[in-house]
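Not measured: the values here are computed from a predicted model.
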Amino acid sequence: MFARAAEPFSIESFLAEEQSKDLLRFTTAGSVDDGKSTLIGRLLYDSKAVYEDQIRAVKRASAGELDLALFTDGLRAEREQGITIDVAYRYFATARRKFIIADTPGHEEYTRNMATGASTADLAIILIDARHGVQPQSRRHAFIAALLGIPNIVVAVNKMDLVDYSHAVFLAIEREFRPLHPRAWFVPISAREGDNVVRPSRRMPWFQGPALLEYLETVPLASTGELSGPGFFRFPVQRAIRTNHGFRGYAGQIAAGLVRPGDEVTALPSGRRARVKSIETFDGRLNEAAAPMSVTLTLDRELDISRGDLLTAGDPPQVARSFAARAVWMHADPLTPAKPYLLKHTCQTVSATVSAVRSLEGDTADRLALNDLGVLAIETSRPLYFDPYGRNRATGSAILIDPHTNATIAALMLVGAEGVGQAVPPADRRMTGKTACPTPVTLLERASRFGHGPAAIALRGSAARKLERLLFDRGANVAVLTHWDDAARVLVESAGLLALVTGHSHALPSPGALPADDDAAAAKALAFLLETGIL
């Protein structure tokens, strides 16, 4: 019998197969010298995702054995100092999935670079040196990953070869880190030796889980909290297109949800409604489009729509000129409250000022410096139309810009229209020092452990008790208070507490009217905490 001839290679079939694979964006984070670049180099090298000329170049640059970190540490300063400074992006693919890796710096002074690389990630790998355990910068990066809403966390305990592949060392690190991210997945690895990176390690038979690459290939692309599905839609208008042939369309990138011809949309800020007439692209008309596609929409009636407006359907976005935002300060010049800035949100840029500041790291209340994390109360010259960052990254993120230099000075994650009190109580001018009650435990450490900053909401007593149980089971630092005054506020702030206030507390955020059934009321209040970004 004759063997069946192999089918000829088809570039069209190959491209179609590649196009059908889903894409996982992930970032590496951790303390200095935990082996982030070496891990990525090992992933690329062992999965045969580097070219021969790249391997030859790295071999020439290596001192002795192949230095895997050089596959990502491309800057001259990085190679001279042996550290990562800028964010290095690498692409590779396996038979199951495509990947984009962001190799981010570990040094505290490059925290802004780490936040930049993690801002679009679906998964974060936090490396921990098995010899040194959990370091302050490891905790800080874990908190930033949570702050940015990254849904999947992998804790890779690296350099296991230097602790004789000790199971006890791995368990001790897992116990210490677990409270920071209860749903994190832990894996012991040696990036230098290749143990549990691409293939399972025979030197750690006590670990029964998959190798890191297999986990990356199979982990579900969990929702980042972004709203989607029929009936929900966000479309920031980037450009209004008008031609001499009577064509009028609105171009932009879909920020959330999907749209079909015939769907009714509301144009903001006018509030006028129309139906989608057609969905236009360079390749022709579509019957359906979803985030993050870039398309041009035509409507069945003429509306006054221009750049920066928002077409929306389903649950309305928040509309506010004053709101709270979590921030990563990215400029050498510190934040100056009341100084005029520019704020870029989706496709519009507006004037903005910061009216209140609260650090997430226990520093001075009214100041943020380079790489600091904080919560800002911001006022803009005209209203923004946004969703909390925890629900939608595209409409919930913004940047602050220096109007004189055009430099990006802060990355913002919008919390809600209620003010700073939703995420961190507003700065009290009578308070000085790190907190009202000095403590060696910083606000950042508390937030990293519990998954939320200090906050308070108003709630009726019976529902508050039900909600307290739900939040405690989720790992929250929660308590029910019967009154709200300056002493209670100081307690909440110092302890990083989530307070459910049942007494006279009209000044606090509230879930609004609640069902009579306590279980249903607690569920609605929990949804409020998630939607507003408090949790």
Side-chain angles (χ1 to χ4, degrees), residues 26-37 39 83-87 102-119 121 123-130 132-158 173-174 176-184 186 325-332 334-335 357-364 367-376 389 410-413 423-424 434-435 439-454 475 477 496:
F26 70 92
T27 183
T28 57
S31 193
V32 180
D33 293 331
D34 281 347
K36 297 178 292 297
S37 297
L39 172 61
I83 62 172
T84 299
I85 296 174
D86 203 355
V87 183
D103 181 21
T104 63
H107 286 255
E108 182 176 353
E109 62 185 294
Y110 300 122
T111 299
R112 57 180 173 175
N113 303 51
M114 181 271 166
T116 299
S119 62
L123 179 145
I125 301 175
I126 298 176
L127 275 84
I128 296 177
D129 189 324
H132 303 143
V134 180
Q135 299 296 301
Q137 193 69 347
S138 306
R139 296 177 180 272
R140 196 165 194 251
H141 285 173
F143 176 69
I144 293 174
L147 194 71
L148 293 172
I150 299 176
N152 299 294
I153 302 295
V154 173
V155 180
V157 182
N158 192 24
I173 292 174
E174 181 177 359
E176 183 178 2
F177 193 95
R178 178 69 71 181
L180 301 180
H181 278 284
R183 293 182 294 275
F186 290 76
R326 298 186 177 102
V328 180
W329 196 256
M330 309 177 76
H331 200 269
L335 167 66
V357 186
R358 194 64 195 157
S359 170
L360 286 175
E361 301 183 85
D363 294 328
T364 307
R367 182 179 183 274
L368 290 183
L370 179 64
N371 296 316
D372 281 350
L373 310 175
V375 179
L376 311 179
Y389 184 84
L412 304 177
M413 290 134 279
V424 175
K434 292 190 174 182
T435 62
T439 168
V441 182
T442 69
L443 205 58
L444 173 64
E445 292 177 293
R446 295 181 191 277
S448 297
R449 171 160 295 186
F450 301 121
H452 60 81
N477 184 23

In short, G30 meets Q137 closest at the heavy-atom pair O-CG, 4.0 Å
Any L335 side-chain heavy atom under 4.5 Å of L376 side chain | yes
May I ask you to test the L148-M413 pair for a side-chain heavy-atom distance under 4.5 Å?
-> yes
Judged by atom type as modelled, is there a donor-acceptor pair below 3.5 Å linking the side chain of T27 to the main-chain atoms of A102?
-> yes
Excluding sequence neighbours, so at least two apart, what forms side-chain hydrogen bond (donor to acceptor under 3.5 Å, both in side chains) with E176?
-> R139
Nearest heavy atoms of A142 and F177, plus distance in Å = CB-CZ, 3.7 Å
Which atom names give the shortest non-hydrogen contact between A332 and L370, and what distance separates them?
-> N-CD1, 4.1 Å
Taking the side chain as every heavy atom from C-beta outward, state whether L373 and F143 have any pair of such atoms under 4.5 Å apart.
-> yes
By side chain to side chain contact (heavy atoms under 4.5 Å, CB included) - contacts of A411 (at least two apart) | M330
Straight-line distance of K36 NZ to L39 CG, nearest 0.5 Å = 10.0 Å
Where A184 and V155 come nearest, the two heavy atoms and their spacing = CB-CG2, 4.0 Å
List, one per line, each side-chain donor-acceptor pair under 3.5 Å for residues 123-130, sequence neighbours excluded.
unit_1	atom_1	unit_2	atom_2	d
D129	OD1	R131	N	2.9
D129	OD1	R131	NE	3.1
D129	OD2	R131	NE	3.4
D129	OD2	R131	NH2	2.8
D129	OD2	K159	NZ	3.4

